[in-house]
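Below: the structure, in structure tokens.
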Protein chains: 2
Amino acid sequence: MGTGGFNIPGEALDSAGPAPAGGIDPAESEARFTITDLSREYAVTPRTLRFYEDEGLIHPTRRGTTRLYSRADRARLAWILRGRSVGFSLADIRDLLDMYAPGPARRPQIEATLAKSRERITALNEQRAALDATIAELEQFCSTVEAQLLRPNP
Amino acid sequence: MGTGGFNIPGEALDSAGPAPAGGIDPAESEARFTITDLSREYAVTPRTLRFYEDEGLIHPTRRGTTRLYSRADRARLAWILRGRSVGFSLADIRDLLDMYAPGPARRPQIEATLAKSRERITALNEQRAALDATIAELEQFCSTVEAQLLRPNP
DNA sequence: CCTCACCTTTACGTTCACGTCAATATTCTG
DNA sequence: CAGAATATTGACGTGAACGTAAAGGTGAGG
């Protein structure tokens with residue numbers, strides 16, 4: 001697979017994906033989106049996409065000065081937004097995305113990456129526990145209130 | 001159950017709890033903590049606690065000018081911090097805590113509260129899905145990297 | 001009584017993640 | 001090809017959640 005990069009289920013996160021199944025169209029079959037296309041699809045503003053680019057989270061190509069987003073960029077954005085939704089900072093996300101990039105890393109580098117990933121997983125599991133507890137409490141609250149509503153005077 | 005307030009498992013969130021089991025000590029058996037006690041226990045700064053008070057999230061009593069936190073306050077803080085850890089804003093948290101307070105609310109008010117709670121639960125479940133997906137991906141990433149590390153040249 | 005440690009309020013500073021003009025290209029469409 | 005729609009780069013503003021001095025009160029111990 002490509003240069004040995006690890007990829008995300010469903011959609012490649014690295015830069016170039018080959019033509020879709022049924023390989024017609026030699027060079028430019030890659031679907032490309034404008035900034036408003038993408039911003040509408042993911043319910044963010046163009047400003048947000050430019051900001052993410054400034055922060056090094058995403059790297060659209062250009063036609064002239066206009067940004068063009070590939071499918072990989074679109075997948076990357078999805079990843080970013082999901083990361084954001086679970087509480088990652090943009091710096092966190094950039095680091096994580098960089099980890100996915102198959103740079104020719106030396107072994108100690110890779111091991112450090114691995115360690116950091118495992119730490120992250122631990123933290124996320126703790127967060128999951130907090131989330132479950134919060135959900136449980138809110139549900140308990142809801143059913144108690146509901147019961148209260150149905151009893152005394154209808 | 002005091003005045004009919006709903007409370008959180010484990011520790012009462014409303015203001016006054018009666019003396020612990022074994023009812024000795026008529027009036028002041030309530031354990032009270034100073035601001036640094038609490039901040040150390042929960043690994044936040046005193047500044048944070050004062051800020052939360054300014055924002056109406058917690059209401060310690062005073063001895064003179066010095067803040068005194070009860071066990072209920074401590075439980076409240078725990079709730080706040082867990083809410084924060086799952087991504088609630090302080091305003092969110094204040095609203096949720098207010099919901100727990102058994103104010104003499106009218107029926108439509110209560111129903112609105114219920115609806116909001118259910119919305120929150122829905123959002124939290126979505127967040128849970130995102131969290132699970134992120135964890136799964138990170139774990140996949142880790143095992144792939146690990147396998148890569150063990151194969152070619154030891 | 002005096003110091004020391006800890007408490008207080010007031011108030012301005014900071015970081016993050018964008019929002020909001022403004023002024024200017026550029027690109028699509030009739 | 002003209003006009004409308006959309007894009008771009010600055011640059012400054014904003015809200016949330018605290019941090020960080022500055023300038024004091026207060027009480028227990030030596």
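Throughout, a chain's letter reflects where its sequence line sits, starting with A, and its residues are numbered from 1. Keep in mind that this is a model prediction, so the values were computed, not measured.
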Can you give one letter per nucleotide of nucleotides 21-30 of chain C, 5' to 3': B if a protein heavy atom sits under 4.0 Å from the base, S if only from the sugar-phosphate, - if neither? ------SS--
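Taking atom CG of residue Leu68(B) and atom P of nucleotide dC6(C), one finds them 16 Å apart after rounding to whole Å. The distance from atom CZ of Arg40(A) to atom C1' of dA5(D) is 11 Å, rounded to the nearest whole Å. Between the C1' atom of dG25(D) and the CZ atom of Arg62(B) lies a distance of 13 Å, rounded to the nearest Å. In this structure, OH of Tyr69(B) is placed 7 Å from P of dT8(C), rounded to the nearest angstrom. Computed from coordinates, the Leu49(A) CG to dA7(D) P distance equals 11 Å when rounded to whole Å. Rounded to whole Å, atom C1' of dC18(D) lies 13 Å from atom CG of Leu57(B). Note: CZ (Arg50(A)) to P (dG19(C)) measures 11 Å, nearest angstrom. In this structure, the CG atom of Asp54(A) is 9 Å from the P atom of dG10(D), given to the nearest Å.
Considering Asp92(B), Leu90(B), Leu96(B), Asp98(B) as possible partners of Arg94(B), the one that fulfils the side chain to side chain contact (heavy atoms under 4.5 Å, CB included) test is Asp98(B).
For the OP1/OP2 pair of dT8(C) and a distance below 4.0 Å, the side-chain nitrogens and oxygens of Arg67(B) include at least one atom meeting the criterion. Between dC6(C) and Thr34(B), no contact under 4.0 Å exists linking OP1 or OP2 to a side-chain N or O. A close approach under 4.0 Å does occur between a side-chain nitrogen or oxygen of Thr36(A) and OP1 or OP2 of dA7(D).
Counting only distance, with no hydrogens or angles, the side chain of Ser117(A) and the backbone of Thr113(A) share a donor-acceptor pair below 3.5 Å.
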Do Arg32(B) and Asp73(B) pass the salt bridge (Lys or Arg N to Asp or Glu O under 4.0 Å) test, and can you show the C-alpha distance, the side-chain angles, and the key distance before you say yes or no? CA-CA 9 Å; Arg32(B) 307 211 159 246; Asp73(B) 292 329; 5.5 Å; no
Given Thr134(B) and Phe88(A), is the side chain to side chain contact (heavy atoms under 4.5 Å, CB included) satisfied, shown in steps? CA-CA 11 Å; Thr134(B) 304; Phe88(A) 287 163; 4.1 Å; yes
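Side-chain atoms of Ser39(B) and Thr36(B) form no donor-acceptor pair, as typed in the model, at a separation below 3.5 Å. Arg76(B) and Tyr100(B) share no donor-acceptor pair across their side chains, judged by distance under 3.5 Å alone. Judged by distance alone, the side chains of Arg47(A) and Tyr52(A) never bring a donor and an acceptor atom under 3.5 Å apart.
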For nucleotides 11-17 of chain C, print each protein N/O atom paired with a nucleotide N/O atom at under 3.5 Å, atom names and distance only.
{"unit_1": "dA17(C)", "atom_1": "OP1", "unit_2": "Leu90(A)", "atom_2": "N", "d": "3.1"}

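Note on Arg62(A) versus Glu53(A): salt bridge recorded, some NZ/NE/NH1/NH2 to OD/OE distance being below 4.0 Å.
Among residue pairs with one or both ends in residues 121-133 of chain A, those qualifying as side-chain hydrogen bond (donor to acceptor under 3.5 Å, both in side chains) are Arg128(A)-Asp132(B), Asp132(A)-Arg128(B); sequence neighbours excluded.
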